[in-house]
Amino acid sequence: MNLLYKSTRNSDKTVTASQAILKGLADDGGLFVPVSVPKLDVTMDELKDMSYQETAYAVMKQFFTDFTEEELKHCINSAYDSKFDTEVIAPLVKVGDTYHLELFHGATIAFKDMALSILPHLMTTSAKKNQVKNEIVILTATSGDTGKAAMAGFADVEGTRIIVFYPKNGVSKVQELQMRTQKGANVDVVAIHGNFDNAQSGVKQMFEDQELAKELADKGYQFSSANSINIGRLVPQVAYYVYAYTKLLANGEIKDGEKINVVVPTGNFGNILAAYYAKNLGVPIAKLICASNDNKVLYDFFQTGTYDKNREFVLTTSPSMDILISSNLERLIYLICGEDSEKTKELMEELKTTGKYTITLEMKEKLADFAAGYSTEEETAESIHDTYQKTGYVMDTHTAVAAHVCGQYRAKSGDQTKCVIASTASPYKFVKSVMSAIDAENANADEFDLLPKLQEVSGVPMPQAIKDILDAKVLHDLECDADKMKDTVKGILGV
Ligand SMILES: *Cc1c(COP(=O)(O)O)cnc(C)c1O
């Protein structure tokens, strides 16, 4: 059966998976969603002895039905290889009474690698399938981690170029240096004078700009996206939730069929939506717990049914979650309003013009699978400190937000269901905040001096990704105002 995709803002027009991957965003500004969410055709018990790659294939073949077995396996094996520092790709580690699904063992030590190491392969395969002759220009807004992972994934991939925009003062030092030292003749990175939402809105506007699309086409270019709005990023993320469940089963931590909860540190709502898809695929997940930092727009949404981005944008120690417009929420909105594309469009228009919208009571009832919480800066630091004191395990600030929310949820609800925490970054990436949480004295130290110290306290060897930036040359120094992104892109492409 061929699974087709439609836009959340127009249910009538359908495209194939490869076309959806190529386009990134639908022409009407909507996000591509599968016409129906598929089910796995293997049981958890059958999956429990499979490798990560085999699990990924079992998941992705249900979504990307216009790829042949050979094509899909080629993409998977090219992505999940020795770029990861562990053969199991996504280790599940028991920390206290929770399980951390470590998603940061790829080339750029954040969970974005789980999808961005495969997206370039999916994209070039899709281009071949659809006889695309144009060069594909990947435009990406990043809150820090997507940018580097996308550049690393697309660097020197034939037939592609990539341009990344990040908020100039909104990323960690390690994140910024990782991006600015990226090699590759086809990569550019630009610091914008604004925040992540400005970057994301600017990119979205370029995607919707039909005139710009024409100008580009005349020069042999077409845009696509490496952001989590691309279904080619979302689907690979579903695989690790399946993998986590089957490993719990294989290790005898749960009984077959036993439900688990999943806690996800959330920004753009991509990672947690992948968990929701996994649940719909047939993974026994009870609650999806959405964890926010001080930018708690999602927490408020789940409490009240009103999404309201009209609030102060807070810079936190978990910068990859400093987001007020969670793009992927549109996919959930579409599902809970009964796949009503007119209603979805109306709400998204409202968000664009007034900065907020309210869902109906009927829609809110369909959010029963979700719980939400948030962690203040102090609580996040405490969470790192206390976990280290109790277990010796050092986690990054984003994961700490989730760990705090997990504890808070358990205490409040009394729900003792076993919890998997999506562990989204290596502590090395946010070394300053992590080491300051462990010992306040480190707050005055130089970020780079803290790297060997982190190795000492955590016992985890310094990852290659960190060693790489220590003596790499800075290759990129472009900057622009938030309202000049289009001119910057034109300049880079010579259009
Ligand atoms: C991107 C990111 C997140 C947020 O994930 P979303 O899919 O945008 O919700 C959380 N933690 C880290 C480290 C990230 O890089």
Side-chain angles (χ1 to χ4, degrees), residues 31 100-117 119 140-150 152 164 166-167 170-172 174-176 178-179 196-197 199-200 225-231 233-238 240-241 262-278 288-293 295-299 301-302 316-332 370 372 374-375 380 384 395-405 421-431 433-434 465:
L31 274 57
H100 282 229
L101 178 61
E102 293 188 350
L103 302 172
F104 54 78
H105 288 271
T108 75
I109 57 174
F111 96 94
K112 303 299 194 290
D113 290 322
M114 299 304 296
L116 283 164
S117 54
L119 184 67
T140 292
T142 183
S143 55
D145 290 329
T146 290
K148 175 63 182 185
V164 168
Y166 72 92
V171 300
S172 83
V174 170
Q175 286 178 315
E176 179 162 42
Q178 275 189 309
M179 290 190 276
F196 171 74
D197 287 323
Q200 177 158 265
S225 168
N227 278 103
S228 54
I229 53 170
N230 194 315
I231 197 79
R233 239 188 89 177
L234 202 57
V235 170
Q237 293 179 359
V238 178
Y240 50 72
Y241 289 108
V262 170
V263 192
V264 186
T266 298
N268 225 357
F269 210 73
N271 202 0
I272 193 166
L273 190 71
Y276 185 62
Y277 277 13
L288 301 136
I289 302 166
C290 175
S292 298
N293 63 21
N295 294 292
K296 59 183 183 58
V297 61
L298 285 164
Y299 168 77
F301 169 72
F302 283 109
T316 72
T317 51
S318 45
S320 302
M321 296 158 65
D322 290 345
I323 291 175
L324 293 180
I325 308 173
S326 297
S327 292
N328 273 296
L329 189 64
E330 179 167 344
R331 288 187 164 112
L332 182 64
F370 288 86
Y374 70 97
S375 176
T380 302
I384 293 171
M395 57 187 167
D396 102 288
T397 45
H398 303 74
T399 309
V401 166
H404 175 77
V405 168
I421 293 175
S423 177
T424 51
S426 157
Y428 278 95
K429 210 159 184 177
F430 302 95
V431 60
S433 308
V434 168

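In what follows, residues are counted from 1 in the order of the sequence shown. In each ligand, atom 1 is the first atom listed, and ligand 1 is the first ligand listed.
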Requested in this report: Measure Phe111 to ligand 1 on non-hydrogen atoms and call it side chain, backbone, both or neither using the 4.0 Å cut-off.
Outcome: side chain
Query raised in the report: Between Asn271 and ligand 1, is there a nitrogen or oxygen pair with a distance under 3.5 Å?
Result: yes
Requested in this report: Would you please say whether a donor-acceptor pair under 3.5 Å links the side chains of Asn227 and Gln200?
Outcome: no
Query raised in the report: Looking just at side-chain N and O atoms, do Asn328 and Ser228 make a donor-acceptor pair shorter than 3.5 Å?
Result: yes
Query raised in the report: Hey, which atoms in ligand 1 end up nearer than 4.0 Å to a heavy atom of Ala425?
Result: 13 (C)
**Report entry** Numbered atoms and elements of ligand 1 in range of Phe269, under 4.0 angstrom, heavy atoms
**Finding:** 6 (P), 8 (O), 9 (O)
Query raised in the report: Relative to the heavy atoms of Met321, which atoms of ligand 1 are at a distance of less than 4.0 Å?
Result: 10 (C)
Query raised in the report: Looking only at N/O atoms, are Ala110 and ligand 1 under 3.5 Å apart anywhere?
Result: no
Query raised in the report: Short list, please: which atoms of ligand 1 are under 4.0 Å from a heavy atom of Gly270?
Result: 6 (P), 7 (O), 9 (O)
Query raised in the report: Would one find an N or O of Asp145, backbone or side chain, under 3.5 Å from an N or O of ligand 1?
Result: yes
Report task. Around atom 10 (C) of ligand 1, find the nearest protein heavy atom and jot down its residue, atom name and distance. Result -> Pro265 O, 3.5 Å
Report summary line: Heavy atoms of Phe269 and Ser326 approach each other most closely as CB-CB, 4.1 Å
Query - Asp322 side chain to Ser143 side chain, donor-acceptor N/O pair below 3.5 angstrom - result: no
Report summary line: Atoms of ligand 1 under 4.0 Å from any heavy atom of Thr266, numbered from 1 in the order shown, are 9 (O)
Query raised in the report: For residues Tyr299 and Asn293, is any side-chain donor paired with an opposing acceptor at under 3.5 Å?
Result: no
Query raised in the report: Any N or O on Ile323 sitting closer than 3.5 Å to an N or O of ligand 1?
Result: no
**Report entry** Test item: side-chain donor near acceptor, Ser433 and Thr397, under 3.5 Å
**Finding:** no
Query raised in the report: Checking side chain to side chain contact (heavy atoms under 4.5 Å, CB included) for the pair Leu116/Arg233: CA distance, chi angles, key distance, verdict?
Result: CA-CA 7 Å; Leu116 283 164; Arg233 239 188 89 177; 3.9 Å; yes
Requested in this report: Say whether, by atom type as modelled, one donor and one acceptor occur between the side chain of Arg331 and the main chain of Gly270 under 3.5 angstrom.
Outcome: no
**Report entry** Sub-3.5 Å N/O-N/O distance, Asn268 and ligand 1
**Finding:** yes
Query raised in the report: Just checking, any donor-acceptor pair under 3.5 angstrom between side chains of Thr142 and Thr140?
Result: no
Report summary line: Looking only at protein heavy atoms, what sits closest to atom 4 (C) of ligand 1 is Gly267 N, 3.6 Å
**Report entry** ligand 1 to His398 polar contact by distance, N or O atoms, under 3.5 Å
**Finding:** no
Report task. For the residue pair Asp113 and Thr108, confirm or rule out a side-chain donor-acceptor distance under 3.5 Å. Result -> yes
Query raised in the report: Which ligand 1 atoms are under 4.0 Å away from a heavy-atom of Lys112?
Result: 1 (C), 2 (C), 3 (C), 14 (C), 15 (O)
Query raised in the report: Which of the numbered atoms in ligand 1 are below 4.0 angstrom from a heavy atom of Thr424?
Result: 10 (C), 11 (N), 12 (C), 13 (C)
